[in-house]
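Take a look at the structure set out below.
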Amino acid sequence: MKISFIKFPKLNLVILSILLIIAGCINEEVPEKWPVSTNTGIGTETNILIDGHELRINNNNYELKNSTRLYGIIVLNPETGQLVEDSHFIFYAEVEDTEYKILKAIPNSLGGNYALDEKMNTFSGAITEYNLNGDSKSLRLYEKGNLIEKVSLPLLDKREGLVDREYWEPLKNWDDANYNGRVSIFVDRYTDVYFDRNDNGIAEDNEFGYSRFNGGGWEYVEYGDRDYLPISNQEFHRHDLETGGPSTSFTHNLLDYGLWHTACRTFEYNELGNTGTKIAAVEGISHPVARGGNCPGAGYVFPLTTYYFSLPAWKPRAQRDSAIALEKAFDRLQTYFEELPCEPMAQARINMLVIKLDEFIKSEFLKIGGQASKYPPMGWSGEPEEFETNIGMTVPDC
Amino acid sequence: MYRFQIIFTTIIFPCMVYAQLDENILFKDLEEIENTDFRKTEERDLDNWDIEYKSDHYYEPRLEKAYTFLGHEISAASFFVSEDRKIQSFGLLIYTDDATGFYEKMVETYGEFAVCSPSGYYFQKHGITLPTEESEEAYRIINSIPVPILEDYKNTTSIKWNVIGEKPPLDQKIHLRIYNKPIEGQNFDHQGRKLRIVFERPIDD
């Protein structure tokens, strides 16, 4: 016997409902359970439960956002969407299988009298703190649990719209004795602090600088004699985004470059021992440029050196992000070449292209949380990969 | 008659308005666009290579030849939104069997290119072997690299124009960058190209 939908019109609804229920069951996401911590260290015992994106502290629920790069955690008021003003939580976390595991949380730690417990003995990173009046901040830098630097940031006064929050960031590569370069620390959505590091640990006190938002734009404030590169807006917007701040896809624009040139297979990342970093060595990076208009010319960067790219071992999409970073460096080289004064191409100009590309490559890798160096990191052994392009390939390779 | 008017205003009129997708979209009202042919990107779009990396909105062609660029049908387009809810940049994808013809239209419309990166094919075609180390001979070769002419535009990996409109609000500098790639199964010898075209407000301004 045939069942006619015309004779039994409600049958349609019944079947539809069943299908919807089945679909709903299939699509139901199992909430991600995070470790539960009741050890708050200092002060009263606090019950903390993290369930998916919900954070419950005692009986209060907060929306939780975990950053992708900074490991920082922001507590938002679920009703207003704003950061919770009166609760100062510092979360320590570590990366475990690319997920974030919370080790410890300290509420209401104004005054900076918190101590590191045994779990934090190996903590390398930076913690921002408030003075007792809650106005100015200082920044403490820890290396394996020891306070090695405390920096006052007196100029970071409160400004309208500035959200005073505490973030921390483990210093990538800090434990790598061979690590040289700059470590950037995110203080708040308007401020970044940079430390320079050499073989002997942190550089002198005055070798750091920071950028701040002055209401109309970004300005870079430097301490010491170093000639820091100006920091562009995008980096800060990027931080903003990655810490779960107001959504600004503006920054993703930075990555809006085709992958038609740099091939992902150029970057063969391998972990470097237990340093928490992975390295890709690339040789033969070169780039031709030409400009038209009223002042035509052409230039070319020799493939002079091998580059060693370093990223945190946990970082996903490493090849793709690296290829995009290199594309971005090429793009900046093009812009630089385009804007050179109109004069016949001289040898010095061509030499400058090499220096500029080097500068751009390093800067772009810093932005994706990595490093680019012409020197192999200690402990690295292997053969560099040849720089390859996607030209002629039919599909992108990552 | 009344019914015809409805059909005209609901179907034909929007098609006429949005027929040409070019730098002017950067100055359009986002609200006007996002509820029409553009949909918000989703998590699953991350693996869609037709979408610019992590774009905010994506255009899936629904009506045949609804959007064109210089007469070429647009296969896909997506754009980014800035903090102040303006379109910061957008990319579109077109295929052409006549790349030189396309670039002729580009020059007619936008003038000469600003800067480019020639492909390996370009150097090969001009009989130039790029040096691998510094020497006097190397610098002689570099100084003799010919500047691409219109026929060579399709043989660049990327090529950029600076576009400035005549009247406000279009009188702002826009970057227009095109990435060239031979169509699948072909090489640079052929005229077929898959072109990724990106319009962008300069970020550093």
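Every value quoted in this text rests on a predicted model; they were computed, and no experiment measured them. Each chain gets a letter, A, B and so on, in the order the sequences are listed, and its residues count up from 1.
The minimum heavy-atom distance between B:Phe113 and A:Ala290, with the atom names listed, is CE1-O, 3.7 Å. Looking at every heavy atom in both residues, B:Ala114 comes nearest to A:Glu338 through CB-OE2, 3.5 Å. Contact detail for B:Val115 and A:Gln334: the closest heavy-atom pair is CG2-O, 3.5 Å. Across every non-hydrogen atom of B:Pro131 and A:Pro303, the tightest pair is O-CD, 4.0 Å. Between A:Thr335 and B:Lys160, the closest heavy-atom pair is OG1-NZ, 3.8 Å.
Separating the CG atom in B:Leu130 from the NE2 atom in A:His287 is a distance of 12.0 Å, to the nearest 0.5 Å.
Other residues, nucleotides and ligands contribute more than 12 heavy atoms inside 6.0 Å of the CD atom of A:Glu386. The number of heavy-atom neighbours closer than 6.0 Å to CG of B:Asp97, taken from other residues, nucleotides and ligands shown, is 12 or below. For A:Glu339, the CD atom is densely surrounded, since the number of other residues' heavy atoms within 6.0 Å is greater than 12. Counted within 6.0 Å of CG on A:Asn294, heavy atoms from surrounding residues, nucleotides or ligands total 12 or fewer; the atom is thus considered open.
B:Tyr139 and A:Phe302 have their aromatic ring centers within a separation under 6.0 angstrom.
There is no contact between B:Tyr122 and chain A, counting heavy-atom distances below 4.5 Å.
At distances below 3.5 Å, not a single donor-acceptor pair connects side-chain atoms of B:Ser117 with backbone N or O atoms of A:Val289.
Listed by first then second residue, pairs satisfying salt bridge (charged side-chain N to carboxylate O under 4.0 Å, His left out) with a partner in residues 109-118 of chain B number zero, not counting sequence neighbours.
For the residue pair A:Glu327 and B:Ser158, no side-chain donor N or O sits within less than 3.5 Å of a side-chain acceptor on the partner.
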